[in-house]
Amino acid sequence: MLSRVELDKFFASDLEKNISFDEQFMAFNDLAHFRGLKTGFRMIISEDQLKIARENQDDENFRWYNKEHEEIFIKSCVDLINLGFEAIFFDSAKHIGGYDLDNYTGVGALPEYHQMQYILHEIRCRTKNTHLSFIGEKSSDDFERYRLMGL
């Protein structure tokens, strides 16, 4: 008879062999949707907390002013949305465009306001999803600022 640990290892390795990580995410999202839940993920936007990883190369520091990095960021969000997620919480969104930086505790620069508008627009267009939710923490009653940004 197999122990609980041995059974867990057996099923975990069997699962990894037969179902890709993408398929596991899609199954998780499908199950949540069947229960009426919206699923999402947290995305960091402080550039010194992000890295660009390329095969057989050293990691590269992420920079918002680099158009290639911006495109990689958009594509990463689109890829996750296409796995069935319907919401993204952007950590430090209230500080986008230099807003309320006295209370910013992140590391590194943030996207500019117009840049974030573009990013959110592109994610919506590329996923062809009309029911996406983009969320960021609230710092004031300036709801119009967030709405016009696309949050």
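Hydrophobic clustering places Ile44 together with Phe134 (ILVMFWY residues linked when any side-chain heavy atoms are closer than 4.5 Å, directly or through intermediates). Under a hydrophobic clustering in which Ile, Leu, Val, Met, Phe, Trp and Tyr are joined whenever their side-chain heavy atoms come within less than 4.5 Å, directly or via other members, Met149 and Phe89 fall into different clusters. Residue Phe90 is not grouped with residue Ile135 when hydrophobic side chains (ILVMFWY) are merged at heavy-atom distances under 4.5 angstrom, including chains of intermediate members.
To the nearest 0.5 angstrom, Ile119 atom CD1 is 10.5 Å from Ile88 atom CD1. Atom CD of residue Glu23 and atom CG of residue Leu83 lie 10.5 Å apart, to the nearest 0.5 angstrom. With rounding to the nearest 0.5 angstrom, the NE2 atom of His95 is 6.5 Å from the OG1 atom of Thr105. From Ile52, atom CD1 reaches atom CD of Gln57 across 11.0 Å, with rounding to the nearest 0.5 Å. Taking CG of Leu120 as the reference point, atom CD1 of Ile74 lies at 9.0 Å (rounded to 0.5 Å). Separating the CG atom in Asn82 from the NZ atom in Lys128 is a distance of 9.0 Å, to the nearest 0.5 Å.
Counting non-hydrogen atoms of other residues, nucleotides and ligands closer than 6.0 Å to CG of Asp59 gives a total above 12. Counting non-hydrogen atoms of other residues, nucleotides and ligands closer than 6.0 Å to NZ of Lys75 gives a total of 12 or fewer.
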Point to revise | side chain to side chain contact (heavy atoms under 4.5 Å, CB included) between Glu47 and Asn61, worked out | key: CA-CA 8 Å; Glu47 72 176 15; Asn61 291 330; over 6 Å; no
Review point. Does the side chain to side chain contact (heavy atoms under 4.5 Å, CB included) test come out yes or no for Asp91 and Ile45, once each step is laid out?
Key: CA-CA 6 Å; Asp91 193 344; Ile45 60 173; 5.7 Å; no
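Here the closest heavy-atom approach between residue Leu132 and residue Lys38 is recorded as C-NZ, 4.4 Å. Looking at every heavy atom in both residues, Ala87 comes nearest to Ile81 through N-CD1, 4.4 Å. The shortest non-hydrogen separation linking Glu71 to Arg126 is OE2-NH1, 2.6 Å. Annotation for Asn103 and Asp100: closest pair ND2-OD1, 2.9 Å, computed over non-hydrogen atoms. In this structure, Asp48 and Gly108 approach most closely via the heavy-atom pair OD2-CA, 3.4 Å. The shortest heavy-atom contact between Thr39 and Ala32 is CG2-CB, 3.4 Å.
You'll find the side chain of Tyr104 reaches within 4.5 Å of the side chain of Ser46, heavy atoms only. For the pair Asn129/Glu86, no side-chain contact is recorded, criterion being any heavy-atom separation below 4.5 Å from C-beta on.
Remark: the backbone N or O of Gly150 is not paired with any side-chain donor or acceptor of Gln117 at under 3.5 angstrom. Between the side chain of Tyr113 and the main chain of Arg145, a donor-acceptor pair closer than 3.5 Å is present.
Among pairs with a residue in residues 26-59, those fulfilling ring pair (Phe, Tyr, Trp, His ring centres under 6.0 Å) read Phe41-Phe85, at least two apart in sequence or across chains.
At a threshold of 4.0 Å, the pair Arg35-Asp30 does not count as salt-bridged, since none of the basic side-chain nitrogens sits closer than that to a carboxylate oxygen.
Note on ring orientation: taking the six-membered ring where Trp is involved, the planes of Trp64 and Phe73 are perpendicular (angle over 60°, cut-offs 30° and 60°).
The side-chain contact (heavy atoms from CB on, under 4.5 Å) search around Glu144 returns Asp142, Arg147, Leu148, not counting sequence neighbours.
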